[in-house]
Each structure stands twice: as C-alpha cells, then as structure tokens.
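Structure record follows, encoded as structure tokens.
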Number of protein chains: 2
Amino acid sequence: MTTIKDVAQKAGVTVTTVSRILNNRGYISDATRQKVHAVMEELNYQPNEIARSLYRRKSNLIGLIIPTVAHPFFSELSSYIEYYAYEAGYKILLCNSHLDKVKEKEYLDMLKRNKVDGIIMGSHTLEVDDYINPKLPIVTFDRCISNDIPYISSDNFQGGKLATSLLIERGCKKIAHISGNLNLSLLANKRYEAFIAEVNNRNVEHVTVQTEINVFDSKQYEKLIHRLFEEHPDIDGVFSSSDNMAANVIKVCYRLNKNIPADVKIIGYDDTMVASLLVPQLTTIRQPIEEMGRLAIELIIKQINQEEVEKKNILPVKLIERETT
Amino acid sequence: MTTIKDVAQKAGVTVTTVSRILNNRGYISDATRQKVHAVMEELNYQPNEIARSLYRRKSNLIGLIIPTVAHPFFSELSSYIEYYAYEAGYKILLCNSHLDKVKEKEYLDMLKRNKVDGIIMGSHTLEVDDYINPKLPIVTFDRCISNDIPYISSDNFQGGKLATSLLIERGCKKIAHISGNLNLSLLANKRYEAFIAEVNNRNVEHVTVQTEINVFDSKQYEKLIHRLFEEHPDIDGVFSSSDNMAANVIKVCYRLNKNIPADVKIIGYDDTMVASLLVPQLTTIRQPIEEMGRLAIELIIKQINQEEVEKKNILPVKLIERETT
DNA sequence: TTGTAGGCGTTATCAC
DNA sequence: GTGATAACGCCTACAA
C-alpha cells in the first residue's frame, strides 16, 4: 500500500507538506505543489480514509437497518437513501435484520463499534434504550420510538382512510383488510385504525387479517387469502397493506374466477414498481418513497451537524387509482 | 466516547491488559479478567473498529457495486450477499452505479480509499486497468473482465436456449427477443446468441430489440413493446431478458387483447419475486440467485485469504414453466 | 501475569 | 513555506 510517507519521500518533502497539499491548507509554493501532485499521480496515491476517520473521529458512514432489501418497498427506499447519502459524501452500510430482535441488536452494536455517524432504522423491534445509548444521530421509519428520536412516516391514517373510503364509494359491501403485524407498534398500524374507523362510520361489514412480512413466502400468503375468501365468499373489496400482498390477492381472485374489479375491488399500499407492472394495474396508496429517503439523509446530516430537527415528519400520501377498483 | 484507556484506568490496569482480554490473548488472572469485564459492562465499552482496522490493515468491509438495488434481481442478490457477508463477519458498502461510467469509477476509487477488503461488481462499464490496479480481491457478475478476475454467471447460453426452444416447442412461429444493451459485452448477451442460434437452427422467424436497464421507466418499455407488436402483429412468442420486461409484455398483450398463452407465449428471465406474483404467472429461466450471492462472498473471502479460486464460475439455470407458455 | 513503547496512516499545532 | 511531533484508539513485541 502506498502511503503519504512514500509520497513525501519520493517528492523530497515531509508528510506535513503532502498532507497540506491534500487538504489545501496553509501556504505551499507552486513548485512543491506541482511536484507532489506529480508523485501522487505516479504512485497512484489514495489517502487512507480509515486513518482519516480515526483522526477526525468521523467515518462518513451511515448505517441502514431494514427488514430486507429484497422487499420492493425497502429496495426502492434504499436506492434513494444511498443516492442522497452519496451526494452528501456519505456511504451506506447495509443491514438486513429480517425483523429478528437478536440480529437487529447485533447490527446496532456492530454499527456503533464501526463508528457510523448515524443510523437509519427501517426496522425496529427493540427497546428505546438500545437506540439512544449512547447518543447517536438516528432517524426511524414508521415508528415513534421516543420523543427524542425523529421519525419519518407517511400519513398512514390518511392513507388508510383514502383506501377504505374509495372501496366504499365504489360500492363494496364487505371489505377485508390485510395488515402487517399489529403488535409491532408501527405507525403503519394507523392504516388499520383508519380502516376500522371508516368502516364503522359508514356501517360497512368488514373482516381483518394479520400477516408477517415475509417476502419470500408467497405461497403462504396465497393460502391465507384463499382461506379468507373461503370463509367469507361475499367479500367484494380488499384493502391490502402492501402492494405485494395485493398482488397475491389478485392471483387468488383469478383462480377463484372472481372478476376484478367487477366482483372484487382491490387496493394496495406503497406504490412500488410492482403496482404498475401487474395486470390489472393496481390501485394503491402512494408513499413518497424518494422524498422519504431524501429526508432521512437530511435529518441524519442535520443531527450530525448539531442542528435542531423536526421530530415528527409525516409526509403526504396520494391515492393512485388504476384498474383494480 | 469511551475508549480502552477509560476502561484500563477505571479497572486499575493498563490498556495492554484490557486489549488482551478483548482479544483473548496471553495469560490473564481470573481476578483482573472479571474486574475488567465488569468495567467494560459498566462503561458500555465497545472497541473502536476503525482503530482496529487501521492497525490490522483490514476493514472487514466489502464493496458492492450494482446498477441499482431498486431492480428486483439486484435487490434479491444484494440481500443474499449481505446475508452471507454478515455470517462471515463482513459488512457491505452499498453502491448504486446506475451504469454510469463516471459514478462507477468514483465508487471504485471511494472503495479503495476506504480500504475495503474486496469488491463485488454487478456493474461494469470500465476498462480492465481500473479494476486490477492495485490488486484487490474482486469478483464480477456476468462479465469476464480479464483472465485474472474471477466471475460468476449463470449459464446464459443454456438459459437462452431453454427459453427459445420452449417457445418453439409450444408452437411459436414468430418469436421476439428483448435483450439488454448488447454493447456492454456482458455474458448475458449469450442469451441473445443462444436465441439466434436456436431460431436459425430451427428455421423460425424472429425479431430482436435492445433496451437499457432502467427500472423506473416502465412507460418507455411499454411503448417499445407496443411498437414491436405494431410492426410485427404476428409475433406469437416473446423471450424477454428479464422478468420485469416480461411483465410489461404481459401488460401490453392484455391491452392489445392478445390472449396469453393462446395468442402469445411469453418467457422471462431471472425468476425474481415478480415472476410468481404476476397473473398469469410467468414462465421464466431461474437464475440461482442465492447461490450466486453465496458464491460471491466465498470467492471474495478465499481471495482475501490468499487461496486460489476458480476464475470461471458458471452456475446452472433452470426452466420454470408456469402459465405464460 | 502485567506493563512499556512503538506503530498503523493521517492531520494539526507549533516551531523554524 | 516547510518540518518535527503528538495525537486519534488500538494492538503486539519485548521487558519486567
């Protein structure tokens, strides 16, 4: 490995001078500057960022913990997060927790040991203390962990309301809601709350099911949905808490020879790529994924710079009506 | 930040002793060991991995450069890569190049400056020199950069052949192939070659189109496919080089009132999640994504350990026949 | 069994 | 303008 020493030696100066040139500090004669630059070029010198990080006590690393990047929502979100991080001079350490408490804690510790400058949590099953001890810039998605930790979320209640009332307006008489795990105290649960509120308010028959996020087990989902339709053959509207799940609903309806949207109307959530890839194209609630990613980086960086940040960041959602309603 | 010094001081020993305990080296009396452990616990001490990396000249970091993690194939691949990396004690630095030459070079340099122990390239538009200088463990996907750099690929020729001959056997008389950018000299181009070979061999009429990978521009794809069917209304078979693209073909067929598989048969490539999420479920060529991810990590680690590795790693593909053929 | 000291590659504070 | 030197936090010969 070629270091600053090698450059200094070959250029006939000391490391101080090379370092100065590297960082554009202090006065340097044009002659030496040229020479040193030439040598750096020749030796193909690249400053060691690890040494820099150690000295500066700043790694320019941001840890990203999500359930799994294989899920379309998180994969799109990650792509934006990485994009904006890179623009701001930060790098992303990717961690897939699979919503496993143990793994999540391990990742959290690992990130701390690696002195990341901040952590973005898209997955959280742990207790508050694990996050804030010691104080480290954090932003979470979809969960209010404590009053100190800023969180980003889209307007889940509004989303749930929009979805439910659309189905009702389209004439659905018995609506099913398929939610994620409601015990995780995620803000996403507000979709459920909104559903219940709306359906009760308008006096519409309804039924709900919970599932775990497990991208890879599509078969499992199908079974669940199949059973749902068996037990309630008169369901004519489904509000699914993710586009992927909604895709499974479409599949099952197709098998059951239920026409969409004539017999059953379906609405998803997220507006990931799959939504517009499906046939029929999925009506869904769009979360502003890019904006969420951008904001996550902004909030982390502001915290790094000791600036005050808004704790509660609720972004607007939007109903995207396509062909399933 | 609490360092090894703080621990040493509070425990009434020197840093050496603490370091020894941390690394399980040399003889330590039970008394001091207990005491030091207690103090570490109390101070919530975590060794600084940056300092360790500097000393050991090993970061346990692996750089992952891909076009974009928002693409289902790379998102699934990344998820496996991260999984196996973590198992082996490595961390993943995520880089989305968007197939931009400049960005790719910047990422490459960034990774070198950050002293990653290896690089996994799922995106490569650069010249050989940029990669091998200096010598750093690398593995690439789907591209043979030089004889020194190991690469992983699935059996693209076989995949192309399987796909094409299936369509022919199912009675297609005029087959379209939608490929990626053939100028990138990716091994994926062998799918194209196999297609041409097979179709010529069996004397079947055919037509081909190239596209850029751009996940987000589904509309663009639709237009392209639409035009294809306009110019060649008699196409009755489509071999698409990705599942996503195939999904767009399904969509367009649906619009054009072409029945699948009666009027048009479609086969995709990759077997990403979307393939089984679609209606009708997509017939496709499965790449062993998990195995590719696992192997990438294995090859990197072997190189890190100075072991010899196989340069050419071609994994088998498998025809997954579903409902579109 | 434990301590001292030097070094990993870089930057900043003083001198000259 | 440029050069010693100490420090960032950790690890390991070599001593004791």
Side-chain angles (χ1 to χ4, degrees), chain A residues 1-37 39-40 43-61 89 109-117 134 136, chain B residues 1-37 39-40 43-61 89 109-117 134 136:
Chain A
M1 190 180 39
T2 137
T3 78
I4 201 172
K5 268 188 195 163
D6 304 320
V7 176
Q9 201 153 21
K10 187 139 194 170
V13 295
T14 63
V15 293
T16 315
T17 307
V18 179
S19 174
R20 280 215 186 87
I21 291 174
L22 230 44
N23 299 284
N24 272 315
R25 276 197 234 301
Y27 299 89
I28 301 280
S29 77
D30 261 11
T32 48
R33 164 168 280 124
Q34 305 252 322
K35 187 168 201 170
V36 170
H37 270 131
V39 174
M40 295 203 294
L43 298 186
N44 207 289
Y45 169 72
Q46 302 268 74
N48 182 329
E49 290 295 339
I50 294 189
R52 285 180 154 182
S53 296
L54 179 60
Y55 184 85
R56 298 182 174 141
R57 260 153 286 157
K58 182 155 190 316
S59 63
N60 276 43
L61 236 35
D109 287 340
M110 180 276 273
L111 293 176
K112 284 178 189 168
R113 284 197 304 274
N114 283 274
K115 303 299 167 198
V116 296
D117 294 336
L136 183 78
Chain B
M1 192 178 42
T2 136
T3 78
I4 202 174
K5 267 188 197 164
D6 304 321
V7 177
Q9 201 155 19
K10 187 140 194 169
V13 296
T14 63
V15 293
T16 315
T17 307
V18 179
S19 173
R20 282 219 184 84
I21 291 175
L22 231 43
N23 298 286
N24 273 315
R25 274 198 234 302
Y27 299 89
I28 301 279
S29 79
D30 260 12
T32 48
R33 164 168 279 123
Q34 306 252 320
K35 188 167 198 171
V36 170
H37 270 131
V39 174
M40 293 203 297
L43 298 185
N44 207 288
Y45 170 72
Q46 303 268 72
N48 182 330
E49 290 294 339
I50 294 189
R52 287 180 151 183
S53 297
L54 180 58
Y55 181 82
R56 299 182 175 144
R57 261 154 279 152
K58 181 155 191 320
S59 63
N60 276 43
L61 236 35
D109 287 340
M110 181 276 273
L111 293 176
K112 285 178 190 169
R113 284 196 305 272
N114 283 275
K115 303 298 166 198
V116 295
D117 294 336
L136 183 78

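For clarity, every value in this text was computed on a predicted model and none was experimentally measured. We name chains A, B, ... by the order of the sequence lines, and we start the count at 1 in each one.
- Protein atom CD1 of B:I21 is 12 Å distant from nucleotide atom P of D:dC11, rounded to whole Å.
- Residue A:Y55 has its side chain nearest to D:dA7 when only D:dA7, C:dT1, D:dA13 are considered.
- One can place CZ of B:R113 at 12 Å from P of C:dT10, the figure rounded to the nearest angstrom.
- Looking at heavy-atom distances under 4.0 Å, A:R20 makes contact with a base.
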Trace of the side chain to side chain contact (heavy atoms under 4.5 Å, CB included) decision for B:L43 with B:V7: CA-CA 7 Å; B:L43 298 185; B:V7 177; 4.3 Å; yes
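- The distance between atom NZ of A:K115 and atom P of D:dG9, rounded to the nearest whole Å, is 9 Å.
- When the C1' atom of C:dT11 is taken as reference, atom NZ of A:K58 falls 16 Å away, rounded to whole Å.
- Taking atom CG of A:D6 as the reference point, atom C1' of C:dC8 lies 13 Å away to the nearest angstrom.
- Nearest heavy-atom pair, B:R33 versus B:I21, reported as atom, atom and distance to 0.1 Å: CA-CD1, 3.7 Å.
- One finds a side-chain N or O of B:T14 lying less than 4.0 angstrom from the OP1 or OP2 phosphate oxygen of C:dG3.
- In this structure, B:N24 places its CG atom 12 Å from P of D:dC11, rounding to the nearest Å.
- Distance check: B:R25 CZ to B:T16 OG1 gives 13.5 Å after rounding to the nearest 0.5 Å.
- Across C:dT2, C:dC8, D:dG3, the shortest atom-to-atom separation from the side chain of A:T17 is found for D:dG3.
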Verdict with reasoning, A:L22 to A:R52, per side chain to side chain contact (heavy atoms under 4.5 Å, CB included): CA-CA 12 Å; A:L22 230 44; A:R52 285 180 154 182; 3.9 Å; yes
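- Of the candidates D:dC11, C:dT10, D:dC8, the closest approach to any side-chain atom of A:P47 belongs to C:dT10.
- The number of heavy-atom neighbours closer than 6.0 Å to NZ of B:K58, taken from other residues, nucleotides and ligands shown, is above 12.
- Checking B:G12 against B:A51, the closest nucleotide of DNA chain C that is more toward the 5' end is the one next to B:G12.
- Contact between the side-chain N/O atoms of A:K5 and the OP1/OP2 oxygens of C:dC8 is found at a separation under 4.0 Å.
- Where A:R57 and B:S19 meet DNA chain D, the nucleotide closest to each residue was compared, and A:R57 sits on the side nearer the 5' end.
- Comparing C:dT2, D:dA13, D:dG9 against the side chain of B:T16 picks out D:dA13 as the nearest.
- As judged by a 4.0 angstrom heavy-atom cut-off over every strand, B:R25 is placed among residues touching the sugar-phosphate backbone only.
- Atom-to-atom, CD of A:Q9 to P of D:dA4 comes out at 12 Å; the value is rounded to the nearest Å.
- The shortest distance between the side-chain N/O atoms of B:N23 and the OP1/OP2 oxygens of D:dC11 is below 4.0 Å.
- Here A:T3 lies in heavy-atom contact (under 4.0 Å) with sugar-phosphate atoms only.
- Among the protein residues, A:I28 comes within range of the sugar-phosphate backbone only, with heavy atoms under 4.0 Å from sugar or phosphate atoms but none that close to a base.
- Applying the 4.0 Å criterion to OP1 and OP2 of D:dG9, one finds that B:Y45 has every side-chain N and O outside that range.
- Per the geometry, CD belonging to A:E49 stands 20 Å off P belonging to D:dC8, to the nearest Å.
- Nucleic acid contact class of A:S53 (heavy atoms, under 4.0 Å, all strands): none.
- Of the side-chain N and O atoms in B:R56, none sit less than 4.0 angstrom from OP1 or OP2 of D:dC10.
- A donor-acceptor contact shorter than 3.5 Å is absent between the side chain of A:N48 and the backbone of A:T3.
- Relative to the side chain of B:V13, the nucleotides C:dG3, C:dT1, C:dT11 differ in distance, and C:dG3 lies closest.
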